[in-house]
There are 2 protein chains.
Amino acid sequence: MAKAPKITEAEWEVMMALWAKSPLTANDVVDILSKKTHWQRETIRTLINRLVQKKALGFKKDGRQYHYYPLVDQTACIKAETRSLLRRFGGAPVEPMLAALVEEQQLSPDQIERLKQILAGEGAPQGRRHKKRDA
Amino acid sequence: MAKAPKITEAEWEVMMALWAKSPLTANDVVDILSKKTHWQRETIRTLINRLVQKKALGFKKDGRQYHYYPLVDQTACIKAETRSLLRRFGGAPVEPMLAALVEEQQLSPDQIERLKQILAGEGAPQGRRHKKRDA
DNA sequence: CTTGACATGTTACAAGTGTAACATTTATAG
DNA sequence: CTATAAATGTTACACTTGTAACATGTCAAG
């Protein structure tokens with residue numbers, strides 16, 4: 001999985017479909033997204049093509065059909081987007097972000113548990129500063 | 001403070017300056033951003049003007065100078081952007097987001113404390129689902 | 001082999017963004 | 001009052017993004 005290229009909002013819908021299940025043909029993707037959006041087939045195909053150009057998707061030909069699959073990792077993309085947002089916020093307070101996070105999602109108790117876990121690792125007051133970039 | 005219009009990445013820099021301190025003249029903003037970016041005066045002025053058009057900034061004339069100030073609340077904007085990102089992620093796992101959050105920022109111990117606090121409020125396993133939208 | 005159906009490829013076009021130059025107004029120094 | 005400097009206003013232009021139509025290639029049926 002390569003290093004996340006810039007994926008636009010509309011393109012995310014396509015990626016989400018393929019992260020959920022892949023490979024898929026263009027038509028599969030069209031079928032899936034037609035249920036969530038009002039986009040025309042051709043619109044969806046354009047998005048797929050752009051993603052291929054960006055190397056976010058790969059495909060293998062099978063007869064006249066192409067089977068698409070992600071070339072980038074979902075988690076990595078989520079982290080990249082999140083970091084991008086954080087950079088944008090500069091030194092702004094992070095609390096509103098977490099607040100939005102817990103408000104927006106219906107967090108399941110165990111998701112909350114895992115989030116706490118992550119924070120717990122950071123807790124060590126005055127402890128070592130972590131430095132590792134993500135995987 | 002009105003309901004956050006769409007503020008682009010470059011425009012955020014301008015907003016950040018004015019959220020940090022306002023009112024500021026265009027030149028003040030130019031001075032501040034010139035230190036962080038390589039943008040020309042005119043570029044920065046364009047951004048300011050667009051923000052005024054979008055009603056993200058207001059100004060009062062004082063002689064030939066305009067003094068700009070935010071018309072939207074920073075916290076609200078941060079939450080809006082965060083929600084937008086979350087919506088984009090759909091039902092994707094939220095852990096990578098928090099992970100990026102704690103990795104990216106050098107979170108101070110008390111920031112971590114406050115984040116834990118927020119989560120603690122959510123903890124009540126199987127408890128009431130909150131529903132309130134933000135302020 | 002010809003034709004049609006359906007796949008992909010190519011092109012389009014308006015709005016938004018990043019990045020900036022050029023033009024006009026106006027306060028202030030002479 | 002006039003010229004100048006410094007402020008704001010107007011215009012520009014290429015690239016990206018959202019949204020899509022039109023063109024071309026190719027498997028498969030007759």
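Just the heavy atoms: all of them, side chains too, but no hydrogens, waters or symmetry mates, feed the values below. Every value quoted in this text rests on a predicted model; they were computed, and no experiment measured them.
- The side chain of A/Thr43 contributes an N or O atom lying less than 4.0 Å from OP1 or OP2 of D/dA20.
- Counting to the nearest Å, the C1' atom of D/dA12 and the CZ atom of B/Arg45 are 15 Å from each other.
- For the residue pair B/Asp28 / B/Thr25, a side-chain donor-acceptor distance below 3.5 Å is found, with atom types taken as modelled.
- Ring geometry, B/Phe59 versus B/Tyr66: the interplanar angle falls under 30°, so the pair is classed parallel (tilted spans 30 to 60°).
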Exercise for the section: Step by step, work out the side chain to side chain contact (heavy atoms under 4.5 Å, CB included) result for A/Val29 and A/Leu33. Expected result: CA-CA 6 Å; A/Val29 177; A/Leu33 293 196; 4.2 Å; yes

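- With contacts defined as side-chain heavy-atom distances shorter than 4.5 Å, the pair B/Val14/B/Trp19 does not qualify.
- Regarding B/Gln65, its CD atom lies at a distance of 14 Å from the C1' atom of C/dT25, rounded to whole Å.
- Comparing B/Arg41 and B/Arg50 along DNA chain D, the residue whose closest nucleotide (by nearest heavy atom) sits nearer the 5' end is B/Arg41.
- The phosphate of D/dA6 has neither OP1 nor OP2 within less than 4.0 Å of any side-chain N or O from B/Asn27.
- Between A/Arg88 and B/Glu81 there is a salt bridge, since a side-chain N of the basic residue sits under 4.0 Å from a carboxylate O of the acidic one.
- Between the CG atom of A/Asn49 and the P atom of D/dA20 there is a distance of 16 Å, rounded to whole Å.
- Here the P atom of nucleotide D/dT16 and the CH2 atom of A/Trp12 are 20 Å apart, to the nearest Å.
- Residue whose closest nucleotide on DNA chain C sits further toward the 5' end, between B/Arg64 and A/Tyr66: A/Tyr66.
- Between A/Thr46 and D/dG18 there is no side-chain N or O to OP1 or OP2 distance below 4.0 Å.
- If you take CG of B/Asp28 and C1' of D/dT8, they are 15 Å apart, rounded to a whole angstrom.
- Atom CG in A/Leu24 sits about 14 Å away from atom P in C/dA7, given to the nearest Å.
- Between the P atom of D/dG18 and the CH2 atom of A/Trp39 lies a distance of 8 Å, rounded to the nearest Å.
- Atom NE2 in A/His67 sits roughly 11 Å away from atom P in C/dA7 (whole-Å rounding).
- Among the protein residues, A/Glu42 comes within range of the nucleic acid bases, having at least one heavy atom under 4.0 Å from a base atom.
- Close to C/dG9, at under 4.0 Å from its OP1 or OP2, lies no side-chain N or O of A/Lys61.
- Regarding contacts with the backbone of C/dG18, a side-chain N or O of B/Thr8 is found under 4.0 angstrom from either OP1 or OP2.
- Comparing A/Leu47 and A/Gly63 against DNA chain D, the residue whose closest nucleotide sits nearer the 5' end is A/Leu47.
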